[in-house]
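Read the structure below first, then the notes.
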Amino acid sequence: MHSRLLIGLLMLLFGLPFGLLGLLALAQGWHFPQALPPAYSLAALRTLGAADSELLAGLGRSLLLAGTVALLATAGGFGVARAVARSRWSRQWEAASYLPYALPPVLLATLVQPFIIRLQLSGSGGGVVLGLLLVALPFATLLLRSFWSVQAREYEQLARTLGCSARQAFGRVLLPLAWPLLRTTLFQTFLLAWFDFGLTNVLSVGKVRTLTVQVFSYVGEANTALAAVASLLLVLPPALLLGLNRTALWRRPG
Amino acid sequence: MALDIRRFFSTTLLGGYGLLVLGLPLAGLGYALLGSLGLAGPLAAGFTPRYWLALGANAGLLYSALFSTWVALVSVGVSVALALSLVLRAQPTLRRWPLPGLLYVPLLLPALVLAFCLFQLLSGAGWLARLSYGLEWIGSPADFPELVQDSAGLGIILAQVLLTFPFLTLLLQAIYQESRLDELRQLSSTLGASAGQFRGRVAVPLLLRRAAPTLLLNFIATLGAYDVPLLLGRPHPQMLSVFVATRQQFDLRELPMGYLAGFLVALGLLALIGILIKLTRRHAL
């Protein structure tokens, strides 16, 4: 009995935002004190199909930015984690990797903004990618650090002893072994960039209109229908990732 | 030769990495310090301590710090209490479908989207206010209690709890299983301990000690939250990230004060992390 009540309560609590977003996306002329929309319309959803759809452009921009950050952070993190594991100052490098976490992303963005401006990257996608990498690269490094253990080195040495070149040992032995962790890192860094609003908004001065920036902008304009559609679009990739791999959503470096 | 090339590649890679993750933030911190002293930034006109002296007359930053601490303490405290009670009192339900999968659902929501939903739900003209009006509990939106953009930060706290407690429940449940707490419970029961004694003297201390680093990161993340307070907070008092970002974005004359606030908040957070890491290490299992 208690168990069913608990499950019912949590389903209601967690389902409510999704139900509300659906209603807001479809509602037409829904004002106080109406508890339910007086009419429904697909107008907000149809904007996605328009040739000059700002939402569709935002979706593409967000996918491109998050995809680029995920690829760069995962590939870079794999290499850096290997270098960290083999460095004499391994523990110090690991400790240093926590620095970007110590500071909230928006604070980090305000601190590095003068340099982004000097590099003439302010308001550009490149500046946002650099800012996001500041958080995503150390995150990937910490997550992938666990792979470069003594065991990985022994596997590599074994492959070399058996006649593999350095490239073959990397491509045919180490990469397949690391693939599950690399996949998780790819998912997590993608989500990190996908969910980001503050850092992107500060570094791009609102010019790089990703989906999160658009949600905020539509909320400011009191355009709840488009804000709801943009919000639903934001939920889609994480939902797909959840279907593919649960650990993609909650594994943390440690 | 090949070894030398690999070492050179490794050193270069680490150098570049250090420049990005250490060099850039630390240079930003230095720039903020110089900016607060009038030595850097677009308004730089030579050394002046006036922005530092103005801190004494302007309590905005202090209020922001206190407000952020209040929100972070209550949010993390409530989230931990909820997660602990689920893990310790609903163990069979937590292992059965659909709860393990259900707890992942809030992790799909970006903080900004959850804040938007809560605003639509809890504001004076929101969905709960409409239901209350329909039930004749209120006569106008103004009669509905202030649950968002309120002085106590209730809306922000609620959003942070909804974002944090499912994650903490998954984390504590994983620790519960890894630490074989079920077996410990049976053992303590055989030795005569009550269920309450097992929870209070064995399970809770063990779970909290093992989860301490993550709880610490969560506390820091909530302290520096931006998306949720931007939508659900009010202009005064602001949470720290909003306070710093607003001063650096909108008014050029406020820029040195923004640099000063950014410098002090970053330094304060680094010091806090240092202290908390020492404490968690000292009390670690």
Side-chain angles (χ1 to χ4, degrees), chain A residues 2-3 6-7 10-11 13-14 16-17 20-21 24 32-35 79-80 83-84 86-87 93 96-97 99-108 110-115 133-134 137-138 141 166 194-195 197-198 202 212 215-216 219 224 227 231 234-235 238-239 242 246 249-250 252 254, chain B residues 2 10 13-14 17-18 20-22 24-25 27-29 31-32 41 90 92-93 98-99 102 104-114 116-117 120-121 125 127 129-131 133-134 141 167 170 213-214 217 220-221 224-227 231 241 244-245 248-249 258 262 265-266 269-270 273:
Chain A
H2 282 298
S3 165
L6 177 68
I7 290 170
L10 288 178
M11 277 178 135
L13 189 67
F14 297 158
L16 202 57
L20 193 62
L21 285 177
L24 288 167
F32 187 90
Q34 295 151 339
V80 173
V84 166
R86 292 174 183 188
S87 162
W93 277 113
S97 299
L99 179 72
Y101 287 118
L103 303 173
V106 171
L107 186 58
L108 201 60
T110 55
L111 287 178
V112 304
Q113 200 175 28
F115 303 103
L133 275 177
L134 206 57
L137 185 61
T141 303
W194 181 259
F195 281 170
F197 162 69
V202 170
T212 47
V215 169
F216 183 69
V219 170
T224 45
S231 299
L234 269 170
V235 175
L242 178 65
R246 274 186 192 173
L249 278 169
W250 87 291
R252 293 288 182 270
Chain B
S10 243
L13 194 64
L14 280 179
Y17 179 67
L20 184 76
V21 301
L22 277 179
L24 204 53
L29 210 58
Y31 190 90
T93 319
L99 209 52
L102 193 63
Y104 283 90
V105 173
L107 305 184
L108 301 174
L109 285 170
L112 189 73
V113 172
L114 183 69
F116 168 58
C117 288
Q120 292 298 326
L121 201 65
W127 199 57
R130 294 170 194 217
L131 288 181
Y133 183 86
F167 167 72
L170 288 168
T214 311
L217 281 178
I220 301 290
Y226 178 74
D227 307 10
L231 277 187
S241 286
V244 174
Q248 293 208 5
Q249 273 183 313
V265 172
L269 284 177
L270 289 174
I273 288 169

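Heavy atoms only: backbone and side chains are in, while hydrogens, waters and symmetry mates are out. Computed from a prediction, not measured in an experiment: that's the story for all the values here. All chains are named by letter (A, B, ...) in the order of the sequence lines, taking the proteins before the strands, and each is independently numbered beginning at 1.
Contact record, Leu6(A) with Ala90(B): CD2-CB, 3.8 Å, taken as the closest heavy-atom pair. Taking both residues in full, the closest heavy atoms of Val244(B) and Thr110(A) are given as CG1-OG1, 4.0 Å, listed atom of the first, atom of the second, then distance. Residues Pro104(A) and Ser241(B) come closest through the heavy atom pair CB-OG, 3.7 Å.
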- Task: Start with the C-alpha gap between Phe116(B) and Thr224(A), add the side-chain angles, then the distance that decides, and say whether side chain to side chain contact (heavy atoms under 4.5 Å, CB included) holds.
- Result: CA-CA 9 Å; Phe116(B) 168 58; Thr224(A) 45; 4.3 Å; yes
- [ ] Dump the intermediate steps for side chain to side chain contact (heavy atoms under 4.5 Å, CB included) on Leu21(A) and Val113(B), then the final yes or no.
- [x] CA-CA 9 Å; Leu21(A) 285 177; Val113(B) 172; 3.9 Å; yes
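Only the side chain of Ile273(B) comes within contact range of chain A, with at least one heavy atom under 4.5 Å from a heavy atom of that chain. For Val80(A), the parts lying near chain B are the backbone and the side chain together; criterion is any non-hydrogen pair under 4.5 Å. Using a 4.5 Å cut-off between heavy atoms, Ala27(B) touches chain A through backbone and side chain atoms alike. For chain B, the nearby part of Leu99(A) is the side chain; its heavy atoms alone come within less than 4.5 Å. Contact of Pro92(B) with chain A is not made at all, since no heavy-atom distance falls under 4.5 Å. Proximity to chain A (any heavy atom under 4.5 Å) is shown, for Ala125(B), by both the backbone and the side chain. Heavy atoms closer than 4.5 Å to chain B are found in both the backbone and the side chain of Val202(A). For a residue to count as touching a neighbouring chain, one of its non-hydrogen atoms must lie under 4.5 Å from one of that chain's; by this rule Ala111(B) does not touch chain A. With a threshold of 4.5 angstrom between heavy atoms, Leu231(B) approaches chain A through side-chain atoms but not through N, CA, C or O. For Phe197(A), the parts lying under 4.5 angstrom from a heavy atom of chain B are both the backbone and the side chain. For Leu22(B), the parts sitting under 4.5 Å from any heavy atom of chain A are the backbone and the side chain alike.
Taking OG of Ser231(A) as the start and CG of Leu109(B) as the end, the distance is 9.0 Å to the nearest 0.5 Å. Atom CG of residue Leu24(A) and atom SG of residue Cys117(B) lie 7.5 Å apart, to the nearest 0.5 angstrom. How far CZ of Phe14(A) is from CG of Leu107(B): 8.5 Å, rounded to the nearest 0.5 Å. With values rounded to the nearest 0.5 angstrom, Leu24(B) atom CG is found 9.5 Å from Leu111(A) atom CG.
Counting heavy-atom pairs closer than 4.5 Å to chain A, the top-ranked of the candidates Ala221(B), Pro110(B), Ala129(B), Gly224(B) is Pro110(B). Contact tally against chain B (heavy-atom pairs below 4.5 Å) for Pro138(A), Pro105(A), Ala96(A): the top residue is Pro138(A). Between chain A and the residues Ala266(B), Gly134(B), Ala32(B), the largest count of heavy-atom pairs under 4.5 Å involves Ala266(B). Among Val105(B), Leu14(B), Asp227(B), the residue with the largest count of heavy-atom pairs under 4.5 Å with chain A is Leu14(B). Options Leu107(A), Leu103(A), Val235(A) differ in how many heavy-atom pairs under 4.5 Å they form with chain B, and the most are formed by Leu107(A).
Counting only distance, with no hydrogens or angles, the side chain of Trp127(B) and the backbone of Leu20(A) share no donor-acceptor pair below 3.5 Å. Side-chain atoms of Arg130(B) come within 3.5 Å of backbone N or O of Gln34(A) as a donor-acceptor pair.
For Tyr31(B) and Phe115(A), the distance between ring centers is under 6.0 angstrom.
Note on ring orientation: taking the six-membered ring where Trp is involved, the planes of Tyr17(B) and Trp93(A) are tilted (angle from 30° to 60°).
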